[in-house]
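Everything on this sheet refers to the single structure shown next.
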Amino acid sequence: MDRHPDRFLAFVVLPLPHVDAALTELDRFLDGPGVVGVALTTSAAGRARTDPAFAPAWQELDRRGTVMYLHPAGDGIVSPQITDHHLTWMVGARGGHRRSGPAQNPWARYALPRVRILNSHFGGALPMLLERWDNLAHFEAPDAPLPPSQAARRMWYDTVAHSSQAALRAAVQAVGADRLVLGSGFPYQGGEHYLDTVAYIERAGLDAADTQGISPSLRAGQTESAGGRRHGGPGDVFLR
């Protein structure tokens with residue numbers, strides 16, 4: 001960041017489950033140059049993000065109007081059916097969104113109205129579940145402020161899907177291209193897989209407007225903020 005401030009921005013990683021230390025880190029870094037928000041995994045030391053003990057941290061993020069980037073923790077949803085059968089990242093990473101709160105509960109956006117939530121990997125199975133949620137919400141969540149499909153469109157989602165055009169098209173149909181943020185999966189996807197994180201979007205058969213809507217500078221593999229800076233991170237999408 002010091003060498004290329006025009007290309008890179010950063011997220012703060014919080015030392016949860018230690019809430020007091022997390023609040024200290026927020027004070028120390030969040031207002032610093034080039035910092036756009038916080039990056040969190042979907043659980044911390046085996047505890048879900050919805051654990052009431054974490055409430056002071058979420059309240060501070062909401063007070064600041066922070067960008068919150070969520071990524072699966074790689075704990076296989078604490079299920080031996082996943083972890084004992086070599087499925088932690090093949091299956092568990094997608095299911096990990098279920099433990100995060102925001103990614104699989106779109107109404108969580110209303111508990112943190114000023115936080116701008118960015119879910120990784122299209123929010124897991126969220127694009128395939130929205131119609132089911134809408135159909136069942138009238139008796140499972142009759143007091144919800146909005147239908148799940150509308151609430152989900154108040155969050156953002158990155159496009160890392162291991163080049164699955166089917167997943168990309170489902171996400172565009174479910175939440176709209178304007179809710180999608182170009183992601184790379186770097187350094188976990190390298191070489192040709194890394195390059196394909198951009199190319200697969202271009203060959204997915206989306207409308208030209210939708211393809212361009214995912215990133216104003218898609219062909220360059222970059223995003224552009226309102227201030228004109230280009231970089232590979234997602235934080236600037238919230239300036240649109």
Short side-chain to backbone donor-acceptor contact, [X] and [Y], under 3.5 Å:
| X | Y | result |
| --- | --- | --- |
| Thr197 | His193 | no |
| Arg179 | Trp156 | no |
| Trp133 | Leu126 | no |
| Ser164 | Ala167 | yes |
| Arg116 | Arg154 | no |

[X] and [Y]: which non-hydrogen atoms are nearest, and at how many Å?
| X | Y | result |
| --- | --- | --- |
| Ser163 | Asp196 | OG-OD2, 2.5 Å |
| Met1 | Ala10 | SD-CB, 3.1 Å |
| Arg64 | Leu26 | NH2-O, 3.9 Å |
| Ala44 | Pro17 | CB-N, 4.1 Å |
| Asp210 | Ala177 | O-CB, 3.5 Å |

Does a side-chain heavy-atom distance below 4.5 Å link [X] with [Y]?
| X | Y | result |
| --- | --- | --- |
| Leu70 | Leu118 | no |
| Val19 | Leu16 | yes |
| Val12 | Val35 | yes |
| Met68 | Leu112 | yes |
| Pro127 | Val175 | no |
| Glu25 | Val13 | no |
| Arg169 | Gln165 | yes |
| Leu168 | Ile214 | yes |

Find the distance between [atom1] ([X]) and [atom2] ([Y]) and round it off to the nearest 0.5 Å.
| X | Y | atom1 | atom2 | value |
| --- | --- | --- | --- | --- |
| Trp58 | Leu40 | CH2 | CG | 5.0 Å |
| Leu206 | Leu180 | CG | CG | 9.0 Å |
| Phe11 | Leu30 | CZ | CG | 10.5 Å |
| Gln212 | Glu202 | CD | CD | 8.5 Å |
| Arg3 | Asp6 | CZ | CG | 12.5 Å |

Quiz item: Does the side chain to side chain donor-acceptor pair (under 3.5 Å) test come out yes or no for Arg114 and Thr66, once each step is laid out?
Solution: CA-CA 7 Å; Arg114 299 187 68 245; Thr66 307; over 6 Å; no
Quiz item: Strictly by modelled atom types, are Tyr69 and Asp158 linked by a side-chain donor-acceptor pair under 3.5 Å?
Solution: yes
Quiz prompt | Centroid-centroid distance, Phe122 to Tyr157, less than 6.0 Å | solution = no
Practice problem: Kindly state whether the ring of His121 and the ring of His162 have centres lying under 6.0 angstrom apart. | Solution: no
Self-check item: Working for side chain to side chain contact (heavy atoms under 4.5 Å, CB included), residues His71 and Thr42
Solution: CA-CA 6 Å; His71 191 278; Thr42 49; over 6 Å; no
Quiz item: Do other residues, nucleotides or ligands put more than 12 heavy atoms under 6.0 Å from Asp27 CG?
Solution: yes
Quiz item: Has Tyr194 got more than 12 heavy atoms of other residues, nucleotides or ligands less than 6.0 Å from its OH?
Solution: no
Quiz item: Do any pairs count as a side chain to side chain donor-acceptor pair (under 3.5 Å) and have a residue in residues 134-146, sequence neighbours left out, and if so which ones?
Solution: Asp134-Ser149
Exercise. Kindly determine whether Val38 and Leu61 satisfy side chain to side chain contact (heavy atoms under 4.5 Å, CB included), including the steps that lead there.
Key: CA-CA 9 Å; Val38 299; Leu61 293 177; 3.9 Å; yes
Quiz item: Are any of the side-chain nitrogens in Arg153 or Asp178 under 4.0 Å away from the carboxylate oxygens of its partner?
Solution: no
